[in-house]
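Data first, discussion second: the structure below is written as structure tokens.
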Number of protein chains: 2
Amino acid sequence: MENYSLQLNGVFQALSDPTRRAVIAHLGRGPTSVTELARPFDMALPSFMKHIRLLEETGLIRTEKSGRVRSCALERGGFAVMDSWLAEQRALWEGRTDRLEAFVMAEQRAEAK
Amino acid sequence: MENYSLQLNGVFQALSDPTRRAVIAHLGRGPTSVTELARPFDMALPSFMKHIRLLEETGLIRTEKSGRVRSCALERGGFAVMDSWLAEQRALWEGRTDRLEAFVMAEQRAEAK
DNA sequence: AGAATAGTTTTCCATAAGGCTAAGTATCAC
DNA sequence: GTGATACTTAGCCTTATGGAAAACTATTCT
């Protein structure tokens, strides 16, 4: 899947910025409006909105506008691609560790002879 | 810790590039030389080396030069910062889910009266 | 209606990121 | 010691990224 890789690019890149990670952390405690989320940052609103849009595009958050306020919430699904990649990698080098362990044990058994 | 955040920036950014993720995946099957790692990519060596250096700087891999060949290996420690951040986030929104569940159950109990 | 609030759109700017070529330095293999 | 190998260094180029200011739109409050 070509698309899987692109999603990974997006998610990792999104999380590489401290402002965006802080937004994620904030939303972990519940949905909020953009202005509320922006309050802790010394940053112009348009700049902040770029982060919000990027987070939404990558599927890490979901936003909805009602009236003049846009409220944001975590989208747990966005983390799924990353989780699966990480699991894949772990399977790889844990598999290898197992083989290495098997090898080491085999050596030890050989020595014991 | 100010440094923790910088490490997170680095690790996430490092993993946001497909070439670098491929290198990580390759190294998951064991240590190799730079040239060997570079083989699958249609990219000049100096460009590829930038990725290697970045991965090393962020602590995701470890490299060592012996003779004219530099061999690379995974550094599991580099993943630790990311893992801990992810765990932190999960604790946050799982904690919240629990409270939400508790709230919902309380409502149901109230209705049952 | 008029003022304040909450975003939005547009344009611009400086730096970082990813890639290239050309040329240089050690090793290693004969 | 010559040639091939395996990187390294040094510039250079283009696009992406994070941020800003100014001006605009749509709601909501009084």
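Lettering follows sequence order; numbering is per chain, from 1. Side chains included, hydrogens not; waters and symmetry mates left out as well; all remaining heavy atoms used.
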[X] side chain near [Y] side chain, heavy-atom distance below 4.5 Å:
X     : Y     : value
B/R20 : B/L60 : no
A/S47 : A/F41 : no
A/L27 : A/L37 : yes
A/D17 : A/L54 : no

Touch check for B/A44, heavy atoms < 4.0 angstrom, all strands: base, sugar-phosphate only, or nothing?
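B/A44: base contact, heavy atoms under 4.0 Å.
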Restricting both atoms to N or O, compile the protein contacts to nucleotides 14-17 of chain D shorter than 3.5 Å, with distance only.
| from | atom 1 | to | atom 2 | distance (Å) |
| --- | --- | --- | --- | --- |
| D/dT17 | OP1 | A/Q13 | OE1 | 3.3 |

Can you tell me the distance, in whole Å, between the [atom1] atom of [X] and the [atom2] atom of [N]?
X     : N      : atom1 : atom2 : value
B/E57 : C/dA16 : CD    : P     : 14 Å
A/M43 : D/dA20 : CE    : P     : 6 Å
B/F41 : C/dC20 : CZ    : P     : 12 Å
B/I52 : C/dG19 : CD1   : P     : 12 Å

Which letter, B, S or -, goes with each nucleotide of nucleotides 2-13 of chain D from 5' to 3', with contact meaning a protein heavy atom under 4.0 Å?
--BBSBBB----
Step by step, would you call B/Q7 with B/W85 a side chain to side chain contact (heavy atoms under 4.5 Å, CB included)?
CA-CA 11 Å; B/Q7 273 189 276; B/W85 185 80; over 6 Å; no
Would you tell me if any nitrogen or oxygen in the side chain of A/H51 comes within less than 4.0 Å of OP1 or OP2 on D/dG19?
yes
For a quick test of reading the model: is some side-chain N or O of A/S47 closer than 4.0 Å to OP1 or OP2 of D/dG18?
no
Quick one: which residue pairs count as a salt bridge (charged side-chain N to carboxylate O under 4.0 Å, His left out) with a foot in residues 46-55 of chain B, not counting sequence neighbours?
none
Donor-acceptor contacts under 3.5 Å from residues 65-75 of chain B side chains, at least two apart:
| from | atom 1 | to | atom 2 | distance (Å) |
| --- | --- | --- | --- | --- |
| B/R70 | NH1 | B/T63 | OG1 | 2.8 |
| B/E75 | OE1 | B/R62 | NE | 2.9 |

When A/F48 and A/G67 are each assigned the nearest nucleotide of DNA chain D, the 5'-most assignment goes to A/F48
Using the side-chain contact (heavy atoms from CB on, under 4.5 Å) criterion, which residues pair with B/D83? Sequence neighbours excluded.
A/R90, B/F79
By side-chain contact (heavy atoms from CB on, under 4.5 Å), B/E36 pairs with (sequence neighbours left out) B/T32, B/S33, B/R39
